[in-house]
Amino acid sequence: MTRLQTCPLLLAILIASLTAGTRAEQTLEGKVLFNAWLTAVTRHTPGTADDAAATVARWTKDQLLLVLNHPDLDASGVFRRAALLHFDIALRGDARATGALYPSYPRTGPGPPPQPLMVVDGAGLGRGYSAAHLEFARELIKKLDAESKAGFGVQWYAAVAAQLSARGDFADLWYHLQHAEIAVPESAELLLAAGCLRELFAGPMAQATRRRSTMVVVGDRGQNLRRAEDFFSRALAKAPDFVEARLRRGRVFAEQNRHAEAVLDLQRARELTSDREQSYYIRLFLGREEELLGRHDEARRHYEAAAALFPRAQSPWLAIGRLLAHRGDFAGARQVLDRGLRTMQGEPYSEDPWWIYDFGPGRYAQAMLDKVYELARREAS
Amino acid sequence: MRCTATLLAIAWLAAPLVARQQVFTSRVDSVRLDVLVTNNNQPVLGLTAADFEIRDNGVLQQVDLVSFEKVPLNVVLALDMSGSLRADALEHVRDASRTLLDGLRPGDRSGLITFSHEVLRRVAPSENQHRIRAIVDTAQPDGQTALIDASRAAIVNAASTSERGLVVIFSDGLDTTSWLTPEMVVETAKRSEVVTYAVRVGVVDDGFLGDLTDATGGRLLQLRSTEALRATFVKILEEFRHRYLVSFTPRGVAADGWHRLQVRVKQRGAVVRTRAGYSRS
């Protein structure tokens with residue numbers, strides 16, 4: 001072998017020996033991290049911001065990827081508990097690893113994923129700050145067997161969707177629901193969450209932002225209403241007595257001027273529920289339908305029923321006042337406003353569920369999450 | 001038999017009177033209009049009843065009265081206090097509001113509504129400005145924007161049978177959370193005598209404030225920043241004081257329903273701004 005031939009060989013041996021050392025270090029670091037992660041998963045109490053969560057919350061994206069790619073992960077079998085750990089970390093909002101774990105995640109189609117980012121009244125809604133840990137959790141759910149995916153997996157996705165809705169984290173919710181479509185079987189709860197997001201996108205908050213921002217991929221009002229209707233209809237096909245899906249589909253029909261269908265859905269929803277908030281929405285929406293039909297006395301009865309359910313809510317009083325003003329009774333309208341509107345901040349917070357309608361299943365977020373925690377605890381014991 | 005025939009005859013004679021559509025006959029039914037007349041963007045002063053021509057659903061009307069600057073004002077400020085309002089803009093809003101209040105005269109009343117996602121009925125119209133000033137100086141922005149709901153609340157508060165109602169709306173955003181629809185509020189505005197001016201900053205109107213102000217004979221002023229807000233509020237008040245209060249008693253038109261109004265003055269080149277019509281039922 002000539003000197004010319006041995007030089008590259010020596011160089012290769014030198015490089016291999018150097019990188020072998022580095023790989024060994026990496027393997028060691030990975031092992032240490034993985035064991036630390038397993039300990040955190042085992043020690044973490046789901047639903048709490050404990051020390052175990054705080055420890056993993058301090059890790060970088062690279063450290064998370066080392067764990068995710070560790071050869072011992074698949075055999076660990078701790079996917080449920082770990083998914084809950086990482087979701088609890090995402091909820092903390094102070095994780096060191098922010099943004100996506102993978103640059104082009106999730107790949108649900110060609111090209112980079114759209115980034116719905118809404119800035120409403122100066123506040124960013126959904127910047128994906130919790131994405132890294134949610135992604136991690138979703139990767140773990142992928143490792144469940146088919147039966148577990150259909151059970152725990154679906155419940156986890158739906159509960160997380162509800163939490164993201166409650167926080168107004170619509171960018172992460174968008175990704176989360178897109179991933180749910182490919183990761184777990186379809187469920188009525190997930191279809192509701194998807195429909196609610198489309199209903200939000202059709203509404204003034206998102207459409208107003210669409211006019212102001214070039215960073216938003218939201219679509220126009222009509223497109224979103226049709227998609228919302230489709231999601232709610234599919235949810236009702238799986239669960240015909242699903243009140244939330246039915247009252248929302250009723251409203252979506254109304255927004256598309258399909259009033260006969262709207263009234264049918266709303267009346268059916270009214271028969272099925274005794275939930276105070278749902279009844280409030282149904283009364284408001286039925287009042288609006290009667291008002292549009294010119295049946296103002298009937299409309300007023302519905303609005304008054306809504307006001308009786310939430311006496312400090314202002315929307316029913318605004319609606320009743322408008323009925324009075326419509327017939328020229330401004331004095332009466334003023335009296336109604338005096339009754340329905342507060343005069344100052346600092347009084348007990350006035351509850352108007354209309355203000356949180358756009359947050360969809362977020363209203364039930366805690367109950368859904370508690371159900372998932374309970375499921376995880378039962379399966380662990 | 002004779003009695004029955006008499007009764008039948010009376011009923012037969014009365015039937016056309018009942019069947020004929022009811023028309024205005026009383027002074028109580030007079031219509032009051034706030035009218036701005038400009039020429040080359042300058043207010044035209046010194047006009048009298050003889051200078052005005054009013055058509056109600058196309059029918060020429062007799063102008064009963066024209067007055068100028070004699071009737072006190074009922075001014076309601078509706079201020080956007082949503083989360084997008086920055087600190088410097090908030091100071092401009094406060095300064096502009098104080099300046100507008102300084103421009104009111106004895107006998108004028110003022111009221112205040114502020115809105116985020118919640119509409120707050122801060123101060124009912126009165127001659128005492130202390131409370132409005134205190135709230136303007138301390139209110140803090142937070143939350144979303146119920147511009148449509150707030151606009152209606154302001155109009156209802158400003159509607160008065162004696163004073164001239166003026167609503168001044170300030171907003172830096174688009175509505176995100178109202179229960180009422182834009183069409184409902186414009187409809188309410190058409191049924192009142194209140195004139196609505198609106199000042200929008202930083203975002204192009206989505207049509208609501210333009211439609212609302214047009215329906216009432218007011219104006220929408222679009223600003224790039226709140227730095228010019230004080231001067232704009234002053235301009236609104238001055239312009240409103242230069243409006244004529246014109247009244248007429250409708251004759252020859254059906255009493256009920258929507259009445260489209262056409263108001264012009266005989267001076268060449270004059271531009272007239274007033275509400276589009278009125279409604280009676």
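Sequence lines set the chain letters: A, B, ... in the order given, protein chains first and strands last, and positions in each chain run from 1.
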Return yes if some donor-acceptor pair links the side-chain N/O of A:Q314 with the main-chain N/O of B:V119 below 3.5 Å, else return no. yes
When you measure from the centre of the six-membered ring of B:W179, is the NZ or CZ of A:R322 under 6.0 Å away and within 45° of the axis? no
Which heavy atom of B:R152 sits nearest to which heavy atom of A:L337, and what is that distance? NH2-CD2, 3.8 Å
Please confirm whether the backbone N or O of A:D338 pairs with a side-chain atom of B:R121, one donor and one acceptor, at under 3.5 Å? yes
Is the number of heavy atoms from other residues, nucleotides or ligands under 6.0 Å of B:R224 CZ greater than 12? no
Return yes if some donor-acceptor pair links the side-chain N/O of A:W355 with the main-chain N/O of B:E118 below 3.5 Å, else return no. no
Given 3.5 Å as the limit, does a donor-acceptor pair link the side chain of B:R191 with the main chain of A:G328, or not? no
When rounded to the nearest 0.5 angstrom, what is the spacing between OG1 in B:T181 and CZ in A:R288? 5.5 Å
Nearest 0.5 Å please: distance from the CG atom of A:D358 over to the CD atom of B:Q144. 7.5 Å
Could you look at A:L284 and say if it's the side chain, the backbone, both or neither that has a heavy atom under 4.5 Å from chain B? both
So with a 6.0 Å cut-off around CD of B:Q222, is the heavy-atom count from everything else above 12? yes
Note: A:L341 and B:A153 closest approach over all heavy atoms is CD1-CB, 4.1 Å
In Å and rounded to the nearest 0.5 Å, what is the CH2 to CG distance from A:W354 to B:D149? 10.0 Å
Taking everything shown except B:E127 itself, do over 12 heavy atoms lie less than 6.0 Å from its CD? yes
Given a strict heavy-atom distance threshold of 4.5 Å, which part of B:S178 is in contact with chain A: side chain, backbone, both, or neither? backbone
In Å, rounded to the nearest 0.5 Å, how long is the span from CG of B:L180 to CG of A:L318? 5.5 Å
Could you measure the distance from the CE atom of B:M184 to the CG atom of A:L323? Nearest 0.5 Å is fine. 8.0 Å
